Amino acid sequence: MSIAGNLQRVRERLAEAERAAGRAQGTVRLVAVSKTWPASAVAEAAAAGQRDFGENRVQELEEKVPEGDSSWQWHLIGPLQKNKVRKALPLCTMIHSIDSLSLAERVDRIAGELGLRSRILLQVNVGEEDSKSGFSSGSARAALTGVLGLPHLEVVGLMTVPPFDPDPERVRPFFVELRELRDRLEVDAGCSLPELSMGMSHDFEVAVAEGATIVRVGSSIFGERG
Ligand SMILES: *Cc1c(COP(=O)(O)O)cnc(C)c1O
C-alpha cells in the first residue's frame, strides 16, 4: 500500500477510536513518525495532508526540516543529548522527551538565548524499565515543580513509551497510569497539563480510549523500518 493509502487507513482508525471514546472528531493529533525514512517519504505524507511529523534523532531533523514546508510541525520524540539542544530547538515545535530536570534547565537557558519559548512534555517511564528514559511516576511531581519555574519553557503535558506488548489490552494499564498521574499533578501543582502523548501503531486506539491527545504513529504509515 502507498503512504497515502496507509495514512487514510490510520485516519479512519483514529476517527473510529475517537467516536468509540465519545470524543469529538479531530481532537487527537496524529504525529507521523518518519524516523529512518527519507524526506521524500515525508513529502508523500504531506501531499496526503499530513502536517505533524516526529523524529527521534536531532540529526534527522537537521536533514529533513530544511527539505520541508515551513507549515509542517516537527516533534522531537527521542532522547535529547545536552550538546544537541541548541540545534534542536529552532527545528521543532514540541519536545516530547524531557527526561531530567537538568535537561529542562538547559533547554530553558538556550531557549532564552535564542529568544524562543519551548513547548515540552515530561517523559514518564511508566513501566519503570531500565532500558527506557523518563521520570518515574514518583519523581514527576518534583520535576514538574522545577520545570514550572523555568521562564522559557511551556510544559503542556506528559509523554510515555510503555513496555511493548503485542496485545494492546495489556498496555492499557500504563496509559491509565499516565492519565491518572497527569490528573494528580494538575491538582497538586495547580497547573494545566492538557496533552497526553501516548499510543503507537499497534496500540493507539487503546491510548485514545484512555485520553491520549497526541498519538505517534510510524510503521502503520511509512511501513516497517528495516
Ligand atoms: C518509533 C517511535 C514511535 C512509532 O512507533 P511505531 O510502532 O512505528 O508506530 C512512537 N514513539 C516513539 C518514541 C518512537 O521512537
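The residues of the chain are indexed from 1 along the displayed sequence. Just so we're clear, the structure is a prediction, and the values are computed from it rather than from any experiment. Every number for a ligand or one of its atoms is a count from 1 in the order of the listing.
- Close approach to R216 involves these atoms of ligand 1, each under 4.0 Å from a residue heavy atom: 4 (C), 9 (O), 10 (C), 11 (N), 12 (C), 13 (C).
- If you number the atoms of ligand 1 from 1 as listed, the ones under 4.0 Å from a heavy atom of I77 come out as 11 (N), 12 (C), 13 (C), 14 (C).
- Put simply, part of R225 is less than 4.0 Å from ligand 1, judged by heavy atoms.
- Note on V126: it does not cluster hydrophobically with M159, by side-chain heavy-atom contacts below 4.5 Å among ILVMFWY residues.
- The distance criterion of under 3.5 Å between nitrogen or oxygen atoms is met by G218 with respect to ligand 1.
- For ligand 1 and V217, the ligand atoms under 4.0 Å from any heavy atom of the residue are 9 (O).
- Note that CG of D183 is 11.0 Å distant from CG of D188, once rounded to the nearest 0.5 Å.
- Using a 4.5 Å heavy-atom threshold, the side chains of I120 and V156 count as separate.
- Around the CZ atom of R19, the shell of radius 6.0 Å holds more than 12 heavy atoms that belong to other residues, nucleotides or ligands.
- Ligand 1 has no N or O atom lying under 3.5 Å from any N or O atom of S220, backbone or side chain.
- With hydrogens and angles ignored, the 3.5 Å screen pairs a side-chain donor or acceptor of E18 with a backbone N or O of G26.
- Remark: minimum distance from atom 15 (O) of ligand 1 to any protein heavy atom is reached at K35 NZ, 2.7 Å.
- Among protein heavy atoms, atom 10 (C) of ligand 1 sits closest to M200 SD, 3.4 Å.
- Between F53 atom CZ and K64 atom NZ the span is 10.0 Å, to the nearest 0.5 Å.
- The option with the heavy atom closest to atom 7 (O) of ligand 1, from among S197, A32, S219, G223, is S219.
- For the pair N56 (side chain) and I77 (backbone), a donor-acceptor distance under 3.5 Å is absent.
- In terms of protein heavy-atom proximity, atom 9 (O) of ligand 1 is nearest to S201 OG, 2.5 Å.
- Under the 4.5 Å side-chain heavy-atom criterion for Ile, Leu, Val, Met, Phe, Trp and Tyr, L116 and L153 are members of the same hydrophobic cluster.
- The ligand atoms of ligand 1 that sit less than 4.0 angstrom from a heavy atom of V161 are 13 (C).
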